[in-house]
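Below is one structure, written out as structure tokens; the observations come after it.
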2 protein chains.
Amino acid sequence: MTHQTVGHPARPGLPDDPRANVTEPTPSCPVEITLAALHGRWTTLVIREFLQGDRTFTELRRALPALSDKVLSDRLAHLTEAGVLDRRRHPGWPPRVHYTLTPHGRRLGPVLQALWDWGTQHQPLPPAEPQ
Amino acid sequence: MTHQTVGHPARPGLPDDPRANVTEPTPSCPVEITLAALHGRWTTLVIREFLQGDRTFTELRRALPALSDKVLSDRLAHLTEAGVLDRRRHPGWPPRVHYTLTPHGRRLGPVLQALWDWGTQHQPLPPAEPQ
DNA sequence: CTGAATCCCTGCCGATACTG
DNA sequence: CAGTATCGGCAGGGATTCAG
């Protein structure tokens, strides 16, 4: 089955988009864009927090105690730059910063859901005997 | 919007599963399982090849010329161990090995589609002015 | 033909200490 | 409170060489 009808209904592949024809990893590929947004340890857990509402730095630190300040700061900056989070500094003392999902960030819900669903269907195979 | 109705229809969050309550990255989390399967440079491009049909080592090498033998070998072994690919050695000479998506691997189609879709909706933000 | 072994280089992550 | 600066360890990825 080397060839495949292009017009096949319920086609399991990806869209017929010029960006789907790349032959090496490139940042302009939509899949790479999304994986770049999700990139890094802790990132999906941070996003999960925001799917329940906005958060401050300290609230996140309490929710994810094993996450260091530096990495949390990195993740928030990264997600903000990726257009996933909106950063809002509140005036006064003590300084408070609220982060919220942008509309674009909220659309990561279905993405994480897809990742979740595949993972739940995963049954680890018994180690294949050498043939 | 700190609180949210649990029973909200079309809930954008993740399932009410005990595994969703982890407070640190753990390999048993379904999201981590899927990201682990997709992990590594070139991995999604390799999977894309298989969504069009089975492939041999050499066919993949031709389709992705900038991918080194070692990394291709790593990816194939990794995806096989993750239950995504099925590895079948053919007897005779020269040795030939065919790789095919398992049923489980075929279910990665919707996952890649979700990643693709989010990425296409992505419009890079102009660099935010410091507030 | 299909890999495995080795080497080097880079970038991520964590820990710690410090600042507006 | 919400970060930044710095450092070290380690794993990933590429190039090259060797093997079944």
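Order of the sequence lines sets the chain letters (A, B, ...), proteins ahead of strands, with each chain counted from 1. The analysis underlying the following values was restricted to heavy atoms, covering all of them including side chains, and did not include hydrogens, waters or symmetry mates.
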Legend entry - Candidate nucleotides C/dC13, C/dT2, C/dG20, ranked by approach to the side chain of B/Arg61 - the nearest: C/dT2

Inset, instruction - Using atom CG of A/Asp69 as one end and atom P of C/dA17 as the other, report the distance to the nearest whole Å. - result: 13 Å

Legend entry - Residues A/Gln113 and A/Asp117: side-chain donor-acceptor under 3.5 angstrom: yes

Inset, instruction - Output yes when at least one side-chain N/O atom of A/Ser73 is less than 4.0 Å from OP1 or OP2 of D/dT4, else no. - result: yes

Legend entry - Contact under 4.0 Å: B/Thr56 side-chain N or O vs C/dC1 OP1/OP2: no

Inset, instruction - Send over the distance from A/Asp74 CG to C/dT16 P, rounded to a whole Å. - result: 17 Å

Inset, instruction - Please report, rounded to the nearest Å, how far the P atom of D/dA2 is from the CZ atom of A/Arg75. - result: 19 Å

Legend entry - Among C/dA15, D/dG14, D/dG12, the one nearest B/Arg41 by side-chain distance: D/dG14

Inset, instruction - May I ask you to test the B/Leu108-B/Thr44 pair for a side-chain heavy-atom distance under 4.5 Å? - result: no

Inset, instruction - For the residue pair A/Arg87 and A/Thr80, confirm or rule out a side-chain donor-acceptor distance under 3.5 Å. - result: no

Legend entry - Rounded interatomic separation in angstrom, taking CG from A/Leu60 and C1' from D/dG3: 13 Å

Inset, instruction - Look at the side-chain N and O atoms of A/Arg87 and state whether any lies under 4.0 Å from the OP1 or OP2 oxygen of D/dG3. - result: yes

Inset, instruction - Report the nucleotide, chosen from D/dG3, C/dC13, C/dC1, that has the shortest atom-to-atom distance to any side-chain atom of A/Lys70. - result: C/dC13

Legend entry - Sugar-phosphate only, base, or nothing, as touched by A/Trp42 at under 4.0 Å among non-hydrogen atoms: sugar-phosphate

Inset, instruction - When you get a sec, tell me which of D/dC1, D/dA15, C/dT2 is the closest nucleotide to the side chain of B/Phe57? - result: C/dT2

Legend entry - First of A/His39 and A/Ser68 reached from the 5' end of DNA chain C, by closest nucleotide: A/His39

Inset, instruction - Can you tell me the distance, in whole Å, between the CG atom of A/Leu72 and the P atom of C/dC13? - result: 13 Å

Inset, instruction - Would you mind reading off the distance between A/Leu67 atom CG and D/dG3 atom C1', rounded to a whole angstrom? - result: 13 Å

Inset, instruction - Spell out, as yes or no, whether a donor-acceptor pair under 3.5 Å connects the side chain of B/Arg55 to the backbone of B/Thr100. - result: no

Legend entry - Spacing between A/Arg89 atom CZ and C/dG20 atom P, to the nearest angstrom: 14 Å

Inset, instruction - Take the protein atom CD of B/Glu59 and the nucleotide atom C1' of C/dT2, then report the distance between them rounded to whole Å. - result: 13 Å

Legend entry - Nucleotide of C/dG3, D/dG13, C/dG14 approaching B/Val71 most closely (side-chain heavy atoms): D/dG13

Inset, instruction - Go through the side-chain N and O atoms of B/Ser28 and B/Thr26 and say whether any donor and acceptor fall under 3.5 Å apart. - result: yes

